[in-house]
Visitor: 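Once you've had a glance at the structure underneath, I'll fire off some questions.
By convention here, the first residue in the shown sequence is residue 1.
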Amino acid sequence: DPATCITPNLQTSPNGIVYMSYQQRFDDSVQLVLSQFKDDTWMPSKIIASGNTWFVNWADYPGITIFDAENMLAWYMEKSDTGTFTYNIKITTSSDSGNSWQPGKILHTDGVHAEHGFVSCVREDKGYFITWLDGRNTAAGEGEHAGHGHNGNMTLRCARLDLAGNTLEEWEADNKVCDCCHTATAITPEGPVVIYRNRNDDEIRDNYVLRLQGKVWAPPVSLHEQQWQTDACPINGPRLDAIGKQLAVVYFGAPAMQPSVHVKFSKDAGSHFGKPIRLDAGTPIGRVDIVWLNEEYAATSWLEDGFLWLTLLHANGEKLQTLQVAKISNGRSTGFPQLVKCGNTILAAITNTETNTIDTYRIAY
């Protein structure tokens, strides 16, 4: 039977090679596969991992991080129990350019049947820095909603891994966060920066910035005081990219039922951010991404009015160009569009729900 292809994840290696992971879903199993973009075409895919007990979801999807030409890490989610949101993050590594992969192993060591997911992972000098949402404190109850933030608090955890995926250091970085919005992580010369959707006792769910300084996490700071109060998880996290000490972050919010997409820039590794720059035309549904093209320009994308939109911005905040990349479905199964730099162009990828394939687009700038 033909596979349904979903949830692309794009990565550019340090030497500029673009890779894409995505899931191939069959009637009784799922595969995570890897393809390399070479000579303006996608090479035949290689299987990273497969199984028939995976947690497959439009919002919480697998991905890859490329360390160098040989070493790479991938993650995917596997059910740990019968509850709707009881699943583990499993990681696997390759040391031969993705030709073979180690057996998957669970990232976290709590052993709790709860929700673990929404991973962001980046390369560091000697390995990987990985961030995830961890529901070990939410699993005090039973039933359909156990493990999904209805009994205790969802937490934000981070870890350093070596090239084989072994945990070297691990932290609980925040003990109460939003349940199911993607995390975003970047590495700067001053250390890792994590941006995520926070959650307080009044159900304000604004995005916050965390910086690891040496061995100590600086107190989390609000990225933008939108004061978005909502009882439900927006399922719409921020995205972040770094080039040296410069950070570019894009995020969705809907305070007072007024949706918006903003970008902010930082010149000092996240200690301070400039003024918010609004991108949308008034009716966005978010699902954002952002990528530095060089030290002066960044490209960012979002979904609005049935289109994938892209804006090119200068690091000083000036919007240079906005265009429609593609007409798409606003449905959940479209997932989260992806952006990377590809040579002197931008490469975008998104799930095509009509053809059950992954569509990619080259955009000149």
Visitor: Please determine whether salt bridge (charged side-chain N to carboxylate O under 4.0 Å, His left out) holds for the pair E203 and R205, giving the CA-CA distance in whole Å, both sets of side-chain angles, and the decisive distance to 0.1 Å.
Guide: CA-CA 6 Å; E203 299 295 2; R205 302 192 189 224; 2.9 Å; yes
Visitor: Quick one: hydrophobic cluster around I106, which other residues, with the 4.5 Å side-chain cut-off, linked directly or via members?
Guide: none
Visitor: Consider only side-chain N and O atoms of S333 and T353, and report whether a donor and an acceptor are under 3.5 Å apart.
Guide: no
Visitor: Is a donor from one side chain sitting under 3.5 angstrom from an acceptor on the other, for N9 and T7?
Guide: no
Visitor: Report yes if the distance between the aromatic ring centroids of Y87 and H116 is under 6.0 Å, otherwise no.
Guide: no
Visitor: Can the ring centres of H182 and Y61 be said to be less than 6.0 Å apart?
Guide: yes
Visitor: Without swapping roles, check the side chain of T230 against the backbone of A232 for a donor-acceptor pair under 3.5 Å.
Guide: yes
Visitor: In Å, rounded to the nearest 0.5 Å, how long is the span from CD1 of I47 to OG of S100?
Guide: 13.0 Å
Visitor: Other residues, nucleotides and ligands only: do more than 12 of their heavy atoms fall within 6.0 Å of NZ on K105?
Guide: yes
Visitor: Going by atom types alone, do D39 and T41 pair a side-chain donor with an acceptor below 3.5 Å?
Guide: no
Visitor: Kindly indicate, with the supporting measurements, whether the criterion side-chain contact (heavy atoms from CB on, under 4.5 Å) is fulfilled by L210 and L156.
Guide: CA-CA 10 Å; L210 267 173; L156 180 78; 3.6 Å; yes
Visitor: Would S95 and E70 count as a side-chain hydrogen bond (donor to acceptor under 3.5 Å, both in side chains) here? Give the steps.
Guide: CA-CA 5 Å; S95 58; E70 290 81 32; over 6 Å; no
Visitor: Quiz question: by atom type and distance under 3.5 Å, do the side chains of Q229 and Q227 form a donor-acceptor pair?
Guide: no
Visitor: Check D241 with R239, please: is the shortest side-chain N to carboxylate O separation under 4.0 Å?
Guide: no
Visitor: Under the side chain to side chain contact (heavy atoms under 4.5 Å, CB included) test against N207, which residue among Y196, Y251, F252 passes?
Guide: Y251
Visitor: Quick one: which of Y297, W292, F273 gives a ring pair (Phe, Tyr, Trp, His ring centres under 6.0 Å) with F265?
Guide: W292
Visitor: Give the C-alpha distance, both sets of side-chain angles, the deciding distance and a yes or no for side-chain contact (heavy atoms from CB on, under 4.5 Å) between K319 and I277.
Guide: CA-CA 9 Å; K319 289 190 287 186; I277 304 155; 4.2 Å; yes
Visitor: Counting only N and O atoms by type, is there a donor-acceptor contact under 3.5 Å from the side chain of H108 to the main-chain atoms of D110?
Guide: no
Visitor: Can you check whether C181 reaches P234 side chain to side chain, under 4.5 Å on heavy atoms?
Guide: yes
Visitor: Sub-3.5 Å donor-acceptor pair from the side chain of T300 to the main-chain atoms of D289, do we have one?
Guide: yes
Visitor: With no hydrogens and no angle check, is any side-chain donor or acceptor of R287 less than 3.5 Å from a backbone partner on G335?
Guide: yes
Visitor: Without swapping roles, check the side chain of K264 against the backbone of L223 for a donor-acceptor pair under 3.5 Å.
Guide: yes
Visitor: Using modelled atom types and a 3.5 Å cut-off, is there a donor and acceptor pairing between side-chain atoms of N294 and backbone atoms of E296?
Guide: yes
Visitor: Just wondering, more than 12 heavy atoms not from N344 lying within 6.0 Å of its CG?
Guide: no
Visitor: Without hydrogens or angle criteria, can the side chains of S271 and R211 be said to hold a donor-acceptor pair below 3.5 Å?
Guide: yes
Visitor: Using the rule given for side-chain contact (heavy atoms from CB on, under 4.5 Å), can you reason through D179 versus R199, listing the C-alpha separation, both sets of side-chain angles and the distance that settles it, and then say yes or no?
Guide: CA-CA 9 Å; D179 298 291; R199 178 186 183 187; 3.1 Å; yes
Visitor: Could you check whether atom CZ of R278 has more than 12 heavy atoms from other residues, nucleotides or ligands sitting under 6.0 Å from it?
Guide: yes
Visitor: Is the closest side-chain donor-acceptor distance between T322 and T311 under 3.5 Å?
Guide: yes
Visitor: Decide yes or no on salt bridge (charged side-chain N to carboxylate O under 4.0 Å, His left out) for D201 and K176, but give the supporting numbers first.
Guide: CA-CA 9 Å; D201 293 340; K176 183 177 182 180; 2.6 Å; yes
Visitor: Is there a donor-acceptor pair under 3.5 Å between the side chain of T65 and the backbone N or O of L73?
Guide: no
Visitor: With F336, which of W302, F118, W58 fulfils ring pair (Phe, Tyr, Trp, His ring centres under 6.0 Å)?
Guide: W58
Visitor: Atom CG in N166, atom OH in Y128: separation rounded to 0.5 Å?
Guide: 11.5 Å
Visitor: Can you tell me if H272 has over 12 outside heavy atoms packed within less than 6.0 Å of its NE2?
Guide: no
Visitor: If I take atom OG1 from residue T334 and atom CG from residue L308, how far apart are they, to the nearest 0.5 angstrom?
Guide: 10.5 Å
Visitor: Report the C-alpha distance between L310 and L339 in whole Å, list the side-chain angles of each, state the deciding distance to 0.1 Å, and finish with yes or no for side-chain contact (heavy atoms from CB on, under 4.5 Å).
Guide: CA-CA 10 Å; L310 184 140; L339 291 182; 3.9 Å; yes
Visitor: Nearest 0.5 Å, what's the CD1-CZ distance between I328 and F307?
Guide: 9.5 Å
